[in-house]
Each structure stands twice: as structure tokens, then as C-alpha cells.
Amino acid sequence: MLEHLGSFERTHYCGEISEKDVGKEVRVAGWVDTTRDHGGVVFTDLRDRTGKVQIVFSPEISEELVEKAKKLRHEFVIAVKGEVRRRPPGTENPKLKTGEFEIYARELQILNRSLPLPFPVEDEVKVSEEVRLKYRFLDLRRPKMAQNIIFRHRMYQVVREVFNREGFIEIETPYLTKSTPEGARDFLVPSRIYPGKFYALPQSPQLFKQILMVSGFDKYYQIARCFRDEDLRADRQPEFTQIDFEMSFVRERDVMEVAEKVLRALYRELLGIEIGEIPVISYDEAMERFGTDRPDTRFGLELKNITDIAQKCNFKVFRSVAEKGGIVKAINFEGGAELSRKEIDELTKFVGIYGAKGLAWIKVLPEGKLQSPIVKFFTEEEINEILRRLNAKPGDILFFVADKPDVVNAALSNLRLRLGKMAGLIDEGKVNVLWVVDFPMFEWNEEEERWEALHHPFTSPREEDVDKLLEAPGEVRARAYDMVLNGVEIGGGSIRIHREDVQEKVFKVIGLSDEEAKERFGFLLEALKYGAPPHGGMAFGLDRLCAIMRGEESIRDVIAFPKTQRGQCLLTGAPDTVRKEQLEELHIEVKEGEEEA
RNA sequence: GGGGACGUAGUUCAGUUCUGGUUAGAACGCCGGCCUGUCACGCCGGAGGUCGCGGGUUCGAGUCCCGUCGUCCCCGCCA
């Protein structure tokens, strides 16, 4: 039954049949989307990656041909030779790009069959992700998914165009490299030649690109795969792609300008959107106003600090928090006074996820009266100052969280997002980009009782802070910058340390002994001794950016073959056990009872 | 490591708790037949189920209990 391609040569893609082809003989090939058998005439929608076109099999051409066409089923692979005709008046299909035309088939080759499908190949498919991932080859035939993947391809091209035009050199860095402590868990690759030794897959090309600067390449870029063995989320995969670049003899602004060029080109050329001036705000300001270093500034509902009032008030919950170094912040959910007790309870539960022990509230009723479980603890002056500071009007509800700063900020920044969504305050059409700068260099890790690099330990401190590195690490500011798009961190970078003495100091602050530093990063320290130029760079998260630009919720929908939340590839079944001989060659023994069936 | 939602034909779901009871339904898809302008074609007929898996309670379990596996969302984690 199946036929060979023979001398068939495709002349057109399905989705590209147009006015100029009318009357011409064309040859198309693809997958059978649907067939409609009318007894006499048979209609088939033929699909390839460009779209669909209707094929007509008519008994007026050949009874035999129609009989053959009746055998077509979903996703059969066929090649068709026929004449493009304008459809008879009244039978045009406005839903199809090619809906004014159709191909009158003269020849039909059935090249392959398909089993009945586990799910229909169409955009509005309501099927579990589990099934989609198992049959990813079918999922990727769905026009929306195919377009996502093609869009991603076009992103690579635009990115390369910009960097090439700006004089950057594309260089590949190794995937088999050295494990580095600090940061995420590494994926390890055992060495066959060196028993007991391991390569690590890179968490980023960071160290290699810095070394390339020392080598004098001056401007480097790469669309690089990165690997991190951490738990997954909707926006996190164990392997992901970065648009990575690095430049020598630059300051923050130079790097940021290149990044802006890349982002602007992507939006202009792929979506026809011009991105305007990109504002810059400090980390401190972002934390104060939004409670996060990646604020979504498409809407208001900003946080207000009332710790000073809390310190003096008679509400013990607030006051004791303030006295212990905690803070109290509040948010005015305008027009929210109609929230029910149940809804408030739900929001209380919601902030609990982020560690908040409670959610205090004050309703300003339409007639101006206050309703709240906590007003009785405050003087009239204090209440008036709170209302003034939050710009509260009748009909509003104020929410308060008191706790350690990170808990308050996490709880309220997430509450802000939730309320913004709930009230429909977020304009999904907006493209809101901003820079966050002036990050602290270090963060105190309470569990490990040591300072940690907030960005990474190769980030340069500000010149004027270098002297404070050892005495007051908490006050040191980093020369780092993050790019935030609609509340998503899409990229980040920094001016790096190019002096060995400064790099050693930073290692010391984060508790890395000289020996350890040498052991793990000796090659970097060594390189810094041989004429390392001042340099800096940045990396964009390509998957996230692609997902945002395509309006997808999950980066899995812009990755051809993603992993599940437990890190499995449902298509191939990875990870999987390997043969005993393979393990032996690698000098690896799996502990008894820890093997999965 | 923790919290939550879900798991029943190929697929999406109903049935599941309060209230366990003979033969587990629907839609789409699939198979067969009819139909010359459909495009979510239409009409007639048919097949298709280890109710995720294991154990328990019971005269009797899709339904109740315990465990386990899987998918998704979140917290921790992700320099």
C-alpha cells in the first residue's frame, strides 16, 4: 500500500499557496490533518510546518484517486500533485490562511501511515502534559508548538546578528569541565580514564568567558547550554540556554547598552514592538517599594514601610517584631474593602507559604469607618499616619505583615502580585523593562553562618568599597545589574574582578580558604596574574525570554524536548539504568537497594 | 526535604465525600456502512475499561482506610 517518493519533488509549502499559484500545477507533501469524505468528493487538509491547504479529490479527475483518498487517516504522510484553483464562491474558509484556494489533486502518493493518535494534533488541545511529553513528536506538530520552536530559532538569528554587527566573536566553551563549589549542585560525569574523578557539566560558561577576556578576545558571545542539578519549576529546567556575552575594557553602562540592543532587536524584529527608555532602579529601592529585586512595574500596589510607627505602638505583635530588628510593611489594595472574611483567610494562608505568621488588615468602609481586628491597639494619630502613608480611601483594604525583612518582603511582594492579578490590574500587553542595580555584594547565610555572594564570587565590588571587603562585607556594593521584564528576571551580569588580590579577598569573605580557592579556582587566579583586562558581561535566560515573548506560562512549551518536574524525559525514559559493564568501566558501583527497577 | 491539586475507555471528563450495592457512562477519537462542496461535515451501526499500582476494612470497594508510583503548581533549593 505504501509508496516511495520516486521522482516527486516538492514545489510549495502548504501554508504558502497563494494568489500567484492559481492555475499552476504544484507538488506538496505533509501530514493529513483531517479528511472529509462526502462519498463522491473527498476533502483533505494537508499540513506542514508552514500551515494547511485543502486538497480536493474529485471523481471528475479520477474515481481511482478518490478511492485511494478515502483510505487517508489522521497524520498519514502523503505527497500530492495537483492544480491550484480558486475555491468556488461561497466555499472559502476564512479561518485558513490559504482558505481562498485549494489544490485539485491529480496524483496521490501515500508515503506512510499513522496509528490512531493519543491526542488530536491541534492547538486547542486539552491533554495532560504527561501524554504530550511522551508523544512529543506529535505535540511538536501542533501549529502553536511548531511556531514556538521556529520563533526560538529566529531569536538565535537575531541575537547572532546583533552580536556579529557589534564585533563579538562566538566561541564555544566546554561542556565537560570542573566541578565548582558555591552555587547549584553540579551534574557529574564520571571519568573512565581517571578512576574516581569526575567532570562536571557547566552551570554557566562564566569562568571560561572571563579567561577568554584574559586571552584578549575582547568581545565574546555564545548561545550556551547550562546545567544545574536543582529541583524544577515552571520556569526552571535542569538544562537551559543562556545568551552569554562578555566584554573587556568596559564599565556597567557599556554592557547594559549591548544588552539593550539585543532585547530591542528581538522585540522589534520578531514582534514589531519598540521598547522605550529602560529605567534603572537600585536594589534598595526595588526591595523597599516592591519587596523583590525583580519587580513587576506594570501596576501599582506598592509596599509602604510603617516600621517606625510599629516601634512605638501598643500592638504587641508589631512592636516586638520591630524591636527585634524586624520590619512592618503594608499594602493598600484599593477598592478591596468588599473582600469577604473567607477571601481574607485565603490570603492569610497564601502569605503563610512565604513564612508570614499572619496577615493583619484594616478595611476603610465606604462611609469612612474603619473595620479591623487591630485598630484598637493604635492611637488615632498612629492610625491617621498609617492611612495617610498608604493613601487609604473609603473602599480600600490595607494588609500588614510584620516579620524579619526577607519574610515580610517575600510575603508582600507575592501578595501584591496575587492582588494585582485578582483585580485585573496587570496589562498583559505591556512590555515593561527595567534595570536593577547596586546589589549588595554579600548576603549572610544564617544556617551556614557565613557570607555568601549574592550574585557570584567573581562579581567586582565597587572601587570605593574594596577596602571594606574584610571589615564590613555587608556594606559592600556589587557592580552587578539585572534586567527585569514584567516581573521576570530575564538576565543579569556584572563587572568582574580582574585583580587577583581582590578576587582572593572575596574568596576569603565567603569562607573559602586559600587552599580551597586554589584547588577550585586556581586556574582563574592564575589567569588573573597574567594581564587580565578589566571586563564584564551578562547572560540572558533564553528560555524565559522566549516564553514571555510567546506568551507561554511554562518554559517547557518553548523547549523542544524538556524534562518533567522530577527531571525525567518521558520521550526517551532518561535517566535510566545502564549496563553493569558500563558502570565497571567507569569504576562506579551502585549501592545495594538503591537501584530503581 | 515539605505543602497543595490531580490520576476512571486512545483522549478529555462525569460517577467517587457526606451516602460502598447487580451490567461504570458521555463527548471526541477509532472501526464499518451511506453521502459530490465540506472545513468541528452530516447520518446509521460497532468495538473499546486491571477505575495508576499494592495492601487492608467489608458479605460486597472506582467509592472507605493505609502505603506507593506518576504528572502539575508552590515553599525550601536554584552563586
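Reckoned from all heavy atoms, side chains included, excluding hydrogens, waters and symmetry mates.
- Between B/rG60 and B/rG48, the two P atoms lie 29 Å apart (nearest whole Å).
- A/F350 carries A/R418 over the face of its six-membered ring, with the cationic atom under 6.0 Å from the centre and within 45° of the normal.
- Centroid-to-centroid, the aromatic rings of A/F227 and A/Y175 come within less than 6.0 Å.
- Following rounding to the nearest Å, A/K349 (NZ) and B/rG4 (C1') show an atom-to-atom distance of 8 Å.
- Set against B/rU71, B/rG32, B/rG29, the side chain of A/E130 has B/rU71 as its closest nucleotide.
- In this model, no donor atom of one side chain and acceptor atom of the other lie less than 3.5 Å apart for A/Y104 and A/E102.
- For the pair A/L115 CG and B/rC31 C1', the interatomic distance rounds to 14 Å; values are reported in whole Å.
- With C1' as the reference atom, B/rC41 and B/rC35 are 11 Å apart, rounded to whole Å.
- Partner assigned to B/rC39 is none, using Watson-Crick or G-U wobble distances below 3.5 angstrom.
- A/K144 and A/E552 are joined by a salt bridge, as a carboxylate oxygen and a charged side-chain nitrogen come within less than 4.0 angstrom of each other.
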Would you sort out whether A/N445 and A/R450 count as a side chain to side chain donor-acceptor pair (under 3.5 Å), showing the intermediate values? CA-CA 5 Å; A/N445 183 326; A/R450 65 177 188 106; over 6 Å; no

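- Smallest separation of non-hydrogen atoms from A/P457 and A/F507: CB-CE2, 4.1 Å.
- Residue pairs meeting the salt bridge (Lys or Arg N to Asp or Glu O under 4.0 Å) criterion with at least one member in residues 49-66 of chain A, sequence neighbours excluded: A/D33-A/K52.
- We find that A/R294 and A/D482 are not joined by a salt bridge, their nearest charged nitrogen and carboxylate oxygen being 4.0 Å or further apart.
- Comparing the same atom, P, in B/rU50 and in B/rC34 gives a spacing of 33 Å after rounding to whole Å.
- Between the P atom of B/rG70 and the CG atom of A/L570 lies a distance of 11 Å, rounded to the nearest Å.
- Nucleotides B/rG7 and B/rC53, compared at atom P, are 13 Å apart to the nearest Å.
- As rounded to the nearest Å, B/rC65 and B/rU17 have P atoms that lie 9 Å from one another.
- A heavy atom closer than 4.0 Å to some atom of RNA chain B occurs in no member of residues 535-547 of chain A.
- Side-chain contact check for A/R36 and A/Q54: at least one donor-acceptor pair (N or O, by modelled atom type) lies under 3.5 Å.
- A ring-centre distance under 6.0 Å is found for A/F521 and A/F458.
- Across all strands shown, B/rG20 has no partner, as no Watson-Crick or G-U wobble contact with both distances under 3.5 Å is found.
- For the residue pair A/Y481 and A/D438, no side-chain donor N or O sits within less than 3.5 Å of a side-chain acceptor on the partner.
- Between A/V32 and A/H74 there is no side-chain heavy-atom pair separated by less than 4.5 Å.
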Pairwise N/O distances under 3.5 Å, protein to nucleotides 5-10 of chain B:
from, atom 1, to, atom 2, distance (Å)
B/rG10, O2', A/P118, O, 3.4

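- In a base pair of the Watson-Crick type (N1 to N3 plus N6-O4 or O6-N4) or a G-U wobble (N1-O2 and O6-N3), with each distance short of 3.5 Å, B/rU68 is matched with B/rG52.
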Just by protein heavy atoms under 4.0 Å, how would nucleotides 37-50 of chain B read 5' to 3' in B, S and -? BBBSB---------

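- For the C1' atoms, the distance from B/rU71 to B/rA24 is 24 Å, rounded to whole Å.
- Between B/rG37 and B/rA26, the two C1' atoms lie 32 Å apart (nearest whole Å).
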Treat primed atoms plus P, OP1 and OP2 as sugar-phosphate and everything else as base, then score nucleotides 72-77 of chain B 5' to 3': B for base contact with protein heavy atoms under 4.0 Å, S for sugar-phosphate contact only, - for none. BBBBBB

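- Nucleotides B/rG55 and B/rC72, compared at atom C1', are 27 Å apart to the nearest Å.
- The side chain to side chain contact (heavy atoms under 4.5 Å, CB included) test applied to A/P461 returns A/M441, A/V466, A/L469, A/V476, A/I497, A/V502, not counting sequence neighbours.
- Salt-bridge formation is not detected for the pair A/R233/A/D235: no Lys NZ or Arg NE/NH1/NH2 atom is positioned less than 4.0 Å from an Asp or Glu carboxylate oxygen.
- The cationic group of A/R113 does not satisfy the cation-pi geometry with A/F76, failing either the under 6.0 Å distance to the six-membered ring centre or the 45° limit from the ring axis.
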